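First the structure, in the form of structure tokens, and then the observations on it.
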Amino acid sequence: MTKDNNAEQGQNQDSNEVAELQNSVTREFVEEHTGAPVDKGLTDSSKARVSDDQNRLITQRNLRK
């Protein structure tokens, strides 16, 4: 049984190493391609919300489905 436990522990360790490698590669990719966070300031209120008419049309269309 100790051979089975050793083999299982080795597989678990291999799985953990693979998961850590995937996490680090993903983290590096995201950091390289997204850049530094930027403070965009205030949001333009004309673009912040869908107009009431547009919202009503969307709701009516969704109710028809």
Side-chain angles (χ1 to χ4, degrees):
M1 233 174 132
T2 58
K3 288 183 180 180
D4 291 339
N5 286 342
N6 289 340
E8 189 175 322
Q9 287 176 350
Q11 288 176 346
N12 287 340
Q13 185 176 1
D14 290 344
S15 296
N16 290 340
E17 289 174 359
V18 168
E20 288 176 13
L21 178 63
Q22 288 176 339
N23 286 341
S24 66
V25 168
T26 303
R27 186 177 300 112
E28 290 173 8
F29 176 83
V30 169
E31 288 173 355
E32 286 176 10
H33 289 84
T34 58
V38 178
D39 183 18
K40 296 183 180 179
L42 299 173
T43 305
D44 185 7
S45 61
S46 66
K47 297 177 184 173
R49 296 178 151 252
V50 176
S51 67
D52 289 337
D53 290 335
Q54 185 67 33
N55 195 15
R56 181 181 53 80
L57 293 172
I58 292 170
T59 302
Q60 287 177 352
R61 181 176 179 270
N62 289 339
L63 290 174
R64 285 188 215 135
K65 288 184 177 181

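Because the structure is predicted, anything quoted here is derived from the model rather than measured. Residue numbers run from 1 in the order of the sequence given.
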* Structure fact -> Value for OG1 (T26) from CG (L21), rounded to nearest 0.5 Å, stands at 9.0 Å
* To do: State which residues pass side chain to side chain contact (heavy atoms under 4.5 Å, CB included) with Q13; sequence neighbours excluded, sorted by chain then number.
  => E17
* Structure fact -> When rounded to the nearest 0.5 Å, the distance separating CZ of R64 from OG1 of T59 is 11.0 Å
* Taking side chain to side chain contact (heavy atoms under 4.5 Å, CB included) as the test, write out the residues that go with S15, two or more places apart. => none
